[in-house]
Amino acid sequence: MASPTFRAPKGTRDILSPESERRRALVEVFAALAGRAGFGEIESPLFENIGVFLRVGETTDIVTKEMFDFHDKGDPPEHLALRPELTASICRAFVEHRPVVPWKVWYAGPQFRYEQPQAGRYRQFTQVGVEVLGVDDPLLDVEIIALARRFYDTLGLGRVRLLLNSLGDPTCRPAYLEALTAHLLDHAAELSPQARVTLERNPLRVLDSKRAEDQAVIDAAPVMVDHLTDESAAHFAAVTSGLDRLGIDYEISPRLVRGLDYYTRTTFEFAADALPGAQNAVGGGGRYDGLVADLGGPDTPGIGFALGVDRTLLACDAEGVFPAPATAPDVFVVDVVDGTHALTVCEDLRAAGLAADRAYGGRSMKAQMKAAGRSGARLAVIVGDDELATGRVTVRDLERGEQTTVPRDDLVEHVRRATAQ
Ligand code: ATP
Ligand code: MG
C-alpha cells in the first residue's frame with residue numbers, strides 16, 4: 001500500500017475505538033469522584049494570550065521551550081499560545097470572574113507541549129485535574145491528594161507511589177535558594193552542561209535534572225524541608241499527619257521540585273512503578289499560593305493537581321487493569337430481503353435503548369452473518385422472505401448457537417429479555 005500523503009503531526013495521534021471509549025470511561029471515573037468531592041467542571045479555552053503562561057513560568061522548560069505559540073490575524077496581532085497546562089488558565093478565569101471561594105473546579109482536556117516525542121510523551125496529551133482557590137487549610141491538601149489516590153485505586157492501579165515535599169514559602173525560599181545556589185556553584189564543574197545553563201536561570205530546577213552525571217551533586221544538595229519557616233513546617237506537618245490519619249502512604253522526597261515556578265509549600269507527584277523511569281510520573285500537583293496575585297488578582301491561595309491520562313492508561317496496560325469497555329452491539333440485524341427491515345428493526349431496538357448494528361448494501365446472508373460474528377453481538381436477528389411471510393423474525397444466539405423465531409411485534413421485548421441474562 002502506498003504510504004498516506006498526510007499523517008497525524010509529530011507527537012500527536014488518533015485515538016481509535018475501543019481505546020477512545022476507554023479514555024472516556026476514565027474521564028467518567030474522574031468526573032464522578034470529583035463531583036462527589038464537591039468540584040464543578042470548568043471548560044476553558046485551548047489557547048490563551050501567551051502572557052498568561054509567561055507570567056507563571058518564565059524560567060521553566062514548559063514555558064521557554066515547550067510552548068506552541070502563534071500570532072492571530074488581528075491588527076495588531078495578538079500573541080497566543082496553546083495551553084501547556086491548565087492551572088494558569090484557571091487562575092486567569094478566577095481573576096476574570098471572581099467566583100465565591102472556595103472555588104473548586106475539575107477539568108479534563110488536551111494540553112500541548114513541544115516535546116521530543118517518545119513513549120508516554122506526546123505533543124498533544126490529555127490531563128484530568130482539579131484546582132481549589134481560596135483555601136490555605138492543610139487539610140484541603142490532604143483531601144486533594146486523597147482524591148488523586150482514590151482515582152488511581154478506582155482504576156485498579158496498585159503500583160503508584162506518592163512522593164511528597166514542601167517547597168516552603170516566599171519567606172523561607174530566599175535563604176534556601178542562597179544555600180542551594182552556593183552548593184551548586186561550588187560543584188558547577190561536576191554538573192552537566194545543561195544543568196549549568198539551568199543553574200544560571202533557575203537553580204531550583206537543577207534538582208529536577210534526570211541526568212546521571214548530575215545526581216551526585218543533587219544528592220548532596222541542601223534540601224528545602226530543612227529550611228522551612230515555623231509556619232510552613234507546621235503546614236507540612238498537618239499535611240503528613242492528615243495523610244497518616246487516612247492511611248495514605250507517602251514518601252518524603254526532599255528534592256522533588258516541579259515543572260513550574262509558582263509552587264509553594266505542599267508539592268507532590270505520583271510515580272507508576274510499572275512504567276519506565278523516564279515516563280513514570282503519572283501525575284503531580286501542589287500549592288501555588290502566589291499565582292493568582294501574579295495574574296493581577298487578590299492574594300488567593302491555590303492548590304491542584306494534573307494527572308496524565310495517556311501515561312495513566314499506559315500504567316493500566318502494564319498492570320493489566322482498567323480494560324476498554326465492551327463496545328459490541330446487543331444485536332446485529334441481518335436483512336436478506338431489501339435492507340429496509342434492518343432499518344426499521346435497528347431503529348426500534350435503538351429507540352428501546354438497545355444497541356443494534358447492521359450490514360449495508362444488500363450483501364449475501366453469508367457475508368452478513370460473518371459481519372454479525374465480527375461485531376461481537378450477542379444476538380443476530382435475521383429477516384428473510386420466509387420470516388416476512390409469517391410476520392416473524394429469526395433470533396440467533398451467537399454465543400450459544402441456538403435459534404428461535406419470534407413475532408416481529410414481540411422482538412424488542414424478546415431481545416431485552418435475552419440480553420439481560
Ligand atoms: P515530565 O517530568 O514527565 O516531563 P511534567 O513535570 O512536565 O512531567 P506536569 O506538568 O506535572 O508534568 O504534568 C502532569 C502530568 O501530565 C505528568 O505527570 C504526566 O503524566 C503528564 N504529562 C506531562 N507532559 C506530558 C507529555 N508530553 N505527554 C504525555 N503526558 C504528559
Ligand atoms: Mg515535562
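Atoms within each ligand, like the ligands themselves, are counted from 1 in listed order.
Here's the thing with Arg121: one of its N/O atoms is less than 3.5 angstrom from an N/O atom of ligand 1. Where the criterion is an N or O separation shorter than 3.5 Å, residue side chain and backbone included, Gly283 meets it with respect to ligand 1. Taking only nitrogen or oxygen atoms, main chain and side chain alike, Glu269 does not reach within less than 3.5 Å of ligand 1.
The pair Asp141-Arg265 fails the salt-bridge criterion, with no side-chain N (NZ, NE, NH1 or NH2) lying under 4.0 Å from an Asp/Glu carboxylate O. A salt bridge between Asp335 and Arg358 is absent, with no side-chain N of the basic residue lying under 4.0 Å from a carboxylate O of the acidic one. A salt bridge links Asp208 with Lys210: the closest approach of a Lys/Arg side-chain nitrogen to an acidic carboxylate oxygen falls below 4.0 angstrom. Arg121 and Glu115 are joined by a salt bridge, as a carboxylate oxygen and a charged side-chain nitrogen come within less than 4.0 angstrom of each other. A salt bridge is absent between Arg7 and Asp14: the closest approach of a Lys/Arg side-chain nitrogen to an acidic carboxylate oxygen does not fall below 4.0 angstrom. Of the charged side-chain nitrogens involved, at least one lies within less than 4.0 Å of a carboxylate oxygen, so that Asp317 and Arg22 count as a salt-bridged pair.
Under the salt bridge (charged side-chain N to carboxylate O under 4.0 Å, His left out) criterion, the residue pairs touching residues 90-99 are Glu48-Arg92, Arg92-Glu96, with sequence neighbours excluded.
Residue contact check: Ala281 has heavy atoms under 4.0 Å from atoms 17 (C), 18 (O), 19 (C), 20 (O) of ligand 1. Every atom of ligand 1 with a heavy atom of Ala306 under 4.0 Å away is listed here by number and element: 14 (C), 15 (C). Annotation for ligand 1: atoms under 4.0 Å from non-hydrogen atoms of Arg113 are 5 (P), 7 (O), 9 (P), 10 (O), 12 (O), 13 (O), 23 (C), 24 (N). Taking every heavy atom of Glu115 and a limit of under 4.0 angstrom, the matching atoms of ligand 1 come to 24 (N), 25 (C), 26 (C), 27 (N). Per-residue contacts place Gly120 under 4.0 angstrom from the following atoms of ligand 1 (heavy atoms of the residue considered): 28 (N), 29 (C), 30 (N). Listed by number with element, the atoms of ligand 1 under 4.0 angstrom from any heavy atom of Gly308 are 15 (C), 16 (O), 20 (O), 21 (C).
Using 4.0 Å as the threshold, Glu85 has no heavy atom nearer than that to any atom of ligand 1.
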